[in-house]
Amino acid sequence: MANNKHNNSDMYSDGKNIRKHKKKKKMSRKKKVILLVIVNVIIILGLLLFLLYEYLAGGLNRREITKDFSKLGIDSSMNEQITGTGIVNIALFGVDSRKDTFTGLSDSIIIASINRKTGSVKLTSFARDTQVDLEGYGIQKINAAYSKGGPELAIKTLNQNFKMNIQDYVTINMRELIKVIDVAGGVTIDITEDERISANDIMREISNNEPRIKKSGTVLLTGAQATAFCRIRHLDSDLYRMDRQKKVLEALFAKAKTLSLKKLAETVHTITPMVETNLELNDILKLSKVLTIDGTKIESLRFPHKNTKYQSSAATGWLIKYDLDEASD
């Protein structure tokens, strides 16, 4: 009888152990399933992020430039002044190339100084006829720097002549400006009657199929109309032309704030093939957040400004001469 009890006890014990073992197996399978689901979710999210990145950056023309401060004409003391301020200076070049390239004279030169801490933006435009000392070429118009040495020489020329700290750039072929504005849904600009007439005259050079600007005042301009507005020069002077270019750029910033995330993503995707830059997409997206948030303050400046002493001379090809120390302040 004792042996039977012992055997029954052993059987009971063995059965309990078997049930525990099965339970452990079941728990193990649950964990595996959960782990598999987590891994799949991570893979899917990673794939979605990759596809989003490719969608936004698809066709982005990236061009690496030197990071050597001395080769970019950046003074070490100037770099120390800007370090830690949250300010990023980006050179915006508009080249008027008749081909689908990013070469030629930079007839539009604007420095965007973006303060990531305060959300303020300062746009400083330079007259294309501004006299500069162009390394290796002597006294030249500032717009020649880009055609002779690309973005690196253009940036170096700005840094050397105006004591700046610029390390990044964005270039757009001005022929593509039409598409950029149209993708954004047009821009709202205040124009005078004289500007309307001049812009419509220039429209003939751009396209015969585009509608003309019908009225002055506050109007919504298409890409072709806004581009014609930017190119007005004979009406007054190149200084006013710069102001018109900034008006269009500021209007684009204002329009970006009104776009939904979906439309903004579509716009970025469409625009990226139209520009060349040394910036990474991540950098562009971070800066875009600053430019599109409510309360962003945009200050417009131009060089030469009203307090700058300068003179033009037909003998030197209408170079705008200035006092370097005064102009650099």
For this session: Check the pair Ser70, Asp68 against side chain to side chain donor-acceptor pair (under 3.5 Å), reporting the backbone distance first and the verdict last.
Result: CA-CA 6 Å; Ser70 63; Asp68 188 327; 2.6 Å; yes
Seminar exercise, completed: Smallest heavy-atom separation, Cys230 atom then Val248 atom, equals SG-CG2, 3.4 Å
For this session: Answer yes if Ile202 and Leu221 sit in the same cluster of Ile, Leu, Val, Met, Phe, Trp and Tyr residues linked by side chain heavy atoms under 4.5 Å apart, and no otherwise.
Result: yes
For this session: Please report the closest heavy-atom contact between Ala145 and Ala154, naming both atoms and the distance.
Result: CB-CA, 3.8 Å
Exercise. Would a 4.5 Å heavy-atom cut-off, applied to side chains only, mark Ile181 and Thr222 as touching?
Worked result: no
For this session: Determine whether Ile197 and Leu235 make a side-chain contact, defined as any pair of heavy atoms from C-beta on separated by less than 4.5 Å.
Result: no
Problem set entry | Test item: Ile139 and Gln131 side chains (from C-beta on) under 4.5 Å apart, heavy atoms | yes
For this session: Report the C-alpha separation of Leu158 and Phe126 in whole Å, then their side-chain angles, then the decisive distance to 0.1 Å, and conclude whether the side chain to side chain contact (heavy atoms under 4.5 Å, CB included) test is met.
Result: CA-CA 10 Å; Leu158 286 165; Phe126 290 77; 4.3 Å; yes
For this session: Taking all non-hydrogen atoms of both residues into account, name the closest pair between Gln245 and Ser108 and its distance.
Result: OE1-OG, 3.2 Å
Exercise. About how many Å separate CZ of Phe162 and OG1 of Thr124, when rounded to the nearest 0.5 Å?
Worked result: 11.0 Å
For this session: Might you work through the side chain to side chain contact (heavy atoms under 4.5 Å, CB included) test for Val170 and Ile90, ending with a clear yes or no?
Result: CA-CA 7 Å; Val170 175; Ile90 302 174; 4.1 Å; yes
For this session: Hey, could you give me the CG/CG distance between Asn159 and Leu72, rounded to the nearest 0.5 Å?
Result: 6.5 Å
For this session: Verify, without hydrogens or angle tests, whether Ser147 (side chain) and Ala144 (backbone) share a donor-acceptor contact under 3.5 angstrom.
Result: yes
Exercise. What about Ile65 and Phe93, same hydrophobic cluster or not, with Ile/Leu/Val/Met/Phe/Trp/Tyr joined at side-chain heavy-atom distances under 4.5 Å?
Worked result: yes
For this session: Tell me, please, whether Phe229 has Lys247 positioned over its six-membered ring: NZ or CZ under 6.0 Å from the ring centre and within 45 degrees of its axis?
Result: no
Exercise. Got a sec: does the NZ of Lys255 have more than 12 other heavy atoms crowding it under 6.0 Å?
Worked result: yes
Exercise. About how many Å separate NZ of Lys215 and CD1 of Ile213, when rounded to the nearest 0.5 Å?
Worked result: 12.0 Å
Exercise. Between Asp129, Asp107, Asp133, which is the residue that forms a salt bridge (Lys or Arg N to Asp or Glu O under 4.0 Å) with Lys141?
Worked result: Asp129
Exercise. Can you tell me how far NZ of Lys246 sits from CE of Met242, rounded to the nearest 0.5 angstrom?
Worked result: 7.0 Å
Exercise. Among the clusters formed by ILVMFWY side chains lying less than 4.5 Å apart, do Val180 and Ile110 turn up in the same one?
Worked result: yes
Problem set entry | Tyr146 vs Leu105 side-chain heavy atoms within contact, under 4.5 Å | no
For this session: Give a yes or no answer on whether the side chain of Glu176 reaches the backbone of Asn173 with a donor-acceptor pair at less than 3.5 Å.
Result: no
Problem set entry | Close side-chain approach of Asn89 and Ser113, heavy atoms under 4.5 Å | yes
Problem set entry | Point-to-point distance, once rounded to the nearest 0.5 Å, from CZ of Arg204 to CZ of Arg212 | 6.0 Å
Exercise. If every non-hydrogen atom of Ala251 is compared with every non-hydrogen atom of Thr188, which pair is closest and at what distance?
Worked result: CB-O, 3.8 Å
Exercise. Any side-chain heavy-atom pair from Arg62 and Glu280 closer than 4.5 angstrom?
Worked result: yes
Exercise. For the residue pair Ile142 and Ala127, what are the closest heavy atoms and their distance?
Worked result: CG2-O, 3.3 Å
Problem set entry | Verdict with reasoning, Thr130 to Asn161, per side chain to side chain contact (heavy atoms under 4.5 Å, CB included) | CA-CA 11 Å; Thr130 300; Asn161 284 268; over 6 Å; no
Problem set entry | Result of checking Ile155, Leu279, Val275 against Tyr169 for side chain to side chain contact (heavy atoms under 4.5 Å, CB included) | Ile155
Exercise. Same hydrophobic cluster for Leu252 and Val183, using side-chain heavy-atom links shorter than 4.5 Å among ILVMFWY?
Worked result: no
Exercise. Roughly how far apart are Ile178 CD1 and Gln225 CD, rounded to 0.5 Å?
Worked result: 10.5 Å
Exercise. Do Ile189 and Met203 share a hydrophobic cluster, counting only Ile, Leu, Val, Met, Phe, Trp and Tyr and linking them when any side-chain heavy atoms are less than 4.5 Å apart?
Worked result: no
Exercise. Under 3.5 Å, side chain of Arg244 to main-chain N/O of Ile232, donor-acceptor pair present?
Worked result: yes
For this session: Starting from the C-alpha separation in whole Å, work towards a yes-or-no answer on side chain to side chain contact (heavy atoms under 4.5 Å, CB included) for Arg63 and Asn278.
Result: CA-CA 5 Å; Arg63 175 174 176 175; Asn278 67 318; 5.8 Å; no
Problem set entry | Worked check of side chain to side chain donor-acceptor pair (under 3.5 Å) between Ser106 and Asn143 | CA-CA 5 Å; Ser106 55; Asn143 68 342; over 6 Å; no
For this session: Write down the atom of Ala226, the atom of Val187, and the distance for their closest heavy-atom approach.
Result: CB-CG2, 3.9 Å
